[in-house]
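None of the values given here were measured: they were computed from a predicted structure.
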Amino acid sequence: MGTTMCKSASAAAMAFTFAAAQAADGATDLQSAIAGGKVDLDMRLRYETVEQDNPLKDADALTLRTRLGYTTKPWHALSAFVEMENTSALVDDYAPAQPDYSVVADPEGAEVNQYGLRYAGIPGLAATLGRSKLILDNARWVGNVGWRQNEQTYDGAFLKYSGLPSLTGHYAYLSNANTILATNVDIEGHLLNLGWAVAKPLALSAYAYLLDDVAPPLAPPGDYDTIGLRASGSVALGAAAKLIYAAEYAMQEVESPGADFEADYLLGELGVGFKPVTLTLGYELLGSDDGAFGLQTPLATKHAFQGWADVFLVTPAGGIEDLYVAAQGALGPVKLAAVYHEFSADEVVGGIDDYGSEIDLSAGTALVGKLSGLVKYASYSADDFGVDTDKLWLQLEYKL
């Protein structure tokens with residue numbers, strides 16, 4: 001990890017050196033751009049406990065994540081940014097540092113989380129070179145795993161188009177994924193996402209995510225090509241309520257060592273919102289190729305899907321069917337959420353059909369100034385897959 005950090009720090013320094021080198025006849029303007037930039041600070045203190053019905057000891061983790069970033073003002077439409085990240089464990093009774101405990105995926109360490117140059121001199125187009133977080137659509141396929149203390153970021157080149165009110169476009173070339181476990185996976189990825197907000201009742205996005213040399217912990221080894229289409233929107237139901245929906249289909253082709261696979265992805269969600277409560281019924285399928293391979297989402301924010309207990313970070317060979325119902329609302333300043341999942345296999349493998357069920361609960365609120373608090377709980381009850389798992393989080397976060 002030390003070598004990676006040194007390389008990242010060197011690249012960050014090079015980014016600023018490059019910007020400075022362009023100022024041969026405009027040093028004063030460049031100095032103003034650098035000195036007049038914006039500081040970002042994010043500090044998150046979290047206690048997490050994990051109890052599992054297995055021989056492992058119950059995990060206890062008290063971690064403090066600190067991010068400190070700086071972005072210059074634009075100079076000739078060019079700006080530079082850098083963000084450092086450190087995670088310290090005040091209580092460290094958890095794996096992988098201590099393998100006889102249950103896992104908490106928040107390893108200690110420091111790194112350059114983001115850095116690079118951004119050019120916005122063409123109307124509607126932003127081009128970024130360096131290391132950056134990236135979130136596309138609802139983060140089901142490409143996200144930053146923002147729940148974990150060490151978020152996932154990517155090295156590469158990024159283009160974002162927003163020149164027309166209803167059209168957006170993203171293209172990214174990735175050369176490396178910096179995972180939540182403070183590891184680096186050298187990949188070659190081409191990500192294309194096009195969005196069209198037709199009207200409030202209908203927003204469309206089409207995507208193609210082509211990834212070569214994927215490896216753990218992102219997913220089982222292989223080349224992953226995923227192409228899909230998503231539709232979402234809302235329709236008013238009188239003055240006080242609205243109908244909310246989402247539908248998505250994708251096909252994934254995988255070339256893995258020794259075999260090739262194909263699997264389908266399917267999502268259907270229907271909800272009703274009436275202030276201050278929204279109720280949602282959903283079905284999500286991560287399909288199986290005849291029980292030999294389950295569809296994977298290597299770059300996703302996986303924690304946000306299929307239960308907060310993170311039992312299904314790697315899709316089983318039999319695939320996953322997730323039938324869920326969710327309620328979100330507010331009680332005064334407190335935001336509340338509750339989700340119930342029923343998990344089963346798409347294809348029965350080794351007699352395993354009903355995986356289990358899960359209940360997720362959360363309550364969060366603003367406290368004082370820029371300080372917020374969150375209580376979150378997940379309970380997975382195993383049938384044919386995994387073990388009973390209970391997780392509890394208590395969190396304070398300060399953002400500047």
*Say whether, by atom type as modelled, one donor and one acceptor occur between the side chain of R230 and the main chain of A203 under 3.5 angstrom.*
no
*Please check if I34 and W75 belong to a single hydrophobic cluster, counting links between Ile, Leu, Val, Met, Phe, Trp and Tyr side chain heavy atoms closer than 4.5 Å.*
yes
*side chain to side chain donor-acceptor pair (under 3.5 Å) involving S234 - partner list, sequence neighbours excluded*: none
*Side-chain donor-acceptor pair under 3.5 Å between D388 and S381, yes or no?*
no
*Are any non-hydrogen side-chain atoms of V145 and E151 less than 4.5 angstrom apart?*
no
*Flag, side chain of E83 to backbone of Y115, donor-acceptor distance under 3.5 Å*: no
*Those residues that, when tested against D155, pass salt bridge (charged side-chain N to carboxylate O under 4.0 Å, His left out) (two or more places apart)*: R131
*With the side chain counted from C-beta on, respond yes when L229 and S205 share a heavy-atom pair under 4.5 Å apart, and no when they do not.*
no
*Just jot down the side chain to side chain donor-acceptor pair (under 3.5 Å) partners of T179, sequence neighbours excluded, or say none.*
T183
*asked:* Hydrophobic cluster membership, with links at side-chain heavy-atom distances under 4.5 Å among I/L/V/M/F/W/Y: are Y161 and L136 in one?
replied: no
*Residue pair Q395 / V375, side-chain heavy-atom distance below 4.5 Å*: no
*Does the side-chain contact (heavy atoms from CB on, under 4.5 Å) test come out yes or no for Y398 and L41, once each step is laid out?*
CA-CA 8 Å; Y398 175 84; L41 175 65; 4.2 Å; yes
_Taking atom CG as the centre, does L90 end up with more than 12 heavy-atom neighbours from other residues, nucleotides or ligands that are less than 6.0 angstrom away?_
yes
*Would you find a donor on one side and an acceptor on the other, under 3.5 Å apart, between the side chain of Y154 and the backbone of L299?*
yes
*Does T280 use its side chain to pair, donor to acceptor, with the backbone of L270 at less than 3.5 Å?*
no
_Checking side-chain polar atoms at under 3.5 Å, does D322 have a donor or acceptor matched by the opposite partner on Q306?_
no
*Check whether the ring centres of Y224 and Y209 lie less than 6.0 Å apart, and answer yes or no.*
no
Side-chain donor/acceptor pairs under 3.5 Å, residues 351-358, sequence neighbours excluded:
residue : atom : partner : partner atom : Å
Y355    : OH   : G319    : O            : 2.7
E358    : OE2  : W308    : N            : 2.8
E358    : OE2  : A309    : N            : 3.0

_Quick check on the hydrophobic clustering: are L134 and Y207 connected, directly or via other members, by side-chain heavy-atom contacts under 4.5 Å?_
yes
_If only side-chain N and O atoms count, and only distance matters, is there a donor-acceptor pair under 3.5 Å linking Q52 with S102?_
yes
*asked:* Does anything in residues 249-258 form a side chain to side chain donor-acceptor pair (under 3.5 Å)? List the pairs, not counting sequence neighbours.
replied: T226-Q252, Y249-D264
_I'd like to check Y380 versus I359 (side-chain heavy atoms, cut-off strictly below 4.5 Å). Are they in contact?_
no
*asked:* Among residues at least two apart in sequence or on other chains, which ones pass side chain to side chain donor-acceptor pair (under 3.5 Å) with E51?
replied: none
*asked:* Checking N86 against S88 for the side-chain hydrogen bond (donor to acceptor under 3.5 Å, both in side chains) test, could you report, in this order, the C-alpha distance in whole Å, the side-chain angles of both residues, the deciding distance, and whether it holds?
replied: CA-CA 7 Å; N86 179 80; S88 299; 2.9 Å; yes
_Whether the side chain of S162 engages the backbone of T168 through a donor-acceptor N/O pair (distance < 3.5 Å, no angle test) should be reported._
no
*Under the 3.5 angstrom rule, does the side chain of K370 hit a backbone N or O of K399 as a donor-acceptor pair?*
no
*Just checking, is any N or O donor in the side chain of E269 or Y324 under 3.5 Å from an acceptor N or O on the other one?*
yes
Run the side-chain donor-acceptor check on residues 283-297: report pairs under 3.5 Å with partners two or more places apart or on a different chain.
residue : atom : partner : partner atom : Å
Y283    : OH   : E321    : OE2          : 3.0
E284    : OE2  : R140    : NE           : 2.7
E284    : OE2  : Y265    : OH           : 2.6
S288    : OG   : G291    : N            : 2.9
S288    : OG   : F293    : O            : 3.3
S288    : OG   : A317    : O            : 2.6
D289    : OD2  : E262    : N            : 2.9
Q296    : OE1  : T315    : N            : 3.2
Q296    : NE2  : G294    : O            : 2.8
Q296    : NE2  : T315    : O            : 3.0
T297    : OG1  : R140    : NH1          : 3.4

*How about L117 and L78: do any of their side-chain heavy atoms sit closer than 4.5 Å?*
yes
_If the condition is side chain to side chain contact (heavy atoms under 4.5 Å, CB included), which residues does V368 pass it with, not counting sequence neighbours?_
none
*Backbone of V387 reached by a side-chain donor or acceptor of T389 within 3.5 Å*: yes
*So do the side chains of V214 and V185 get within less than 4.5 Å of each other, counting heavy atoms only?*
no
_Other members of the hydrophobic cluster containing Y94, with the 4.5 Å side-chain heavy-atom rule, please._
V50, V104
*Report yes if the side chains of Y101 and L56 come closer than 4.5 Å at any heavy-atom pair, otherwise no.*
no
*Do Y245 and V272 belong together in a cluster built from hydrophobic side chains that touch within less than 4.5 Å?*
yes
*Would a distance-only check, ignoring hydrogens and angles, find a side-chain to backbone donor-acceptor pair under 3.5 Å from D225 to L210?*
no
*Looking just at side-chain N and O atoms, do N178 and N176 make a donor-acceptor pair shorter than 3.5 Å?*
yes
_Mutual orientation of the aromatic rings belonging to F385 and F312 [parallel < 30°, tilted 30-60°, perpendicular > 60°]_ = parallel
*asked:* Filter on ring pair (Phe, Tyr, Trp, His ring centres under 6.0 Å), then keep only pairs touching residues 164-199, sequence neighbours left out; what's left?
replied: Y173-H190
*Find out if a path of hydrophobic residues (ILVMFWY) with successive side-chain heavy-atom gaps under 4.5 Å connects L336 to V277.*
no
*Does atom CG of L392 have more than 12 heavy-atom neighbours, drawn from other residues, nucleotides or ligands, at distances under 6.0 Å?*
yes
*Pair N150, D106: side-chain N/O donor-acceptor within cut-off below 3.5 Å*: no
_Contact check, side chains of Q152 and K133, non-hydrogen atoms, under 4.5 Å_ = no
*asked:* If the condition is side chain to side chain donor-acceptor pair (under 3.5 Å), which residues does Q328 pass it with, not counting sequence neighbours?
replied: none
*Pairing of R67 and E111 as salt bridge, 4.0 angstrom limit*: no
*Are L191 and V142 close enough, and set up right, to give a side-chain contact (heavy atoms from CB on, under 4.5 Å), and what steps lead you there?*
CA-CA 9 Å; L191 311 180; V142 181; 4.1 Å; yes
Please output the side-chain donor-acceptor pairs of residues 59-66 that fall under 3.5 Å, not counting sequence neighbours, one pair per line with the distance.
residue : atom : partner : partner atom : Å
D60     : OD1  : Y47     : OH           : 2.3
T63     : OG1  : Q149    : NE2          : 3.0
R65     : NH1  : Q149    : O            : 3.0
R65     : NH2  : D42     : OD1          : 3.2

*Among side-chain atoms of R118 and S79, is any donor-acceptor pair under 3.5 angstrom?*
no
*Report yes or no: is the cationic atom of K376 (NZ for Lys, CZ for Arg) under 6.0 Å from the centre of the six-membered ring of W147, at an angle within 45° of the ring normal?*
yes
*asked:* Tell me if a side-chain donor or acceptor on T301 pairs with a main-chain N or O of N144 at a distance below 3.5 Å.
replied: yes
*Go through W141 and E248 one step at a time and tell me if the side-chain contact (heavy atoms from CB on, under 4.5 Å) criterion holds.*
CA-CA 12 Å; W141 297 100; E248 186 171 351; 3.1 Å; yes
_Backbone N/O of D212 and side chain of E188: donor-acceptor pair under 3.5 Å_ = no
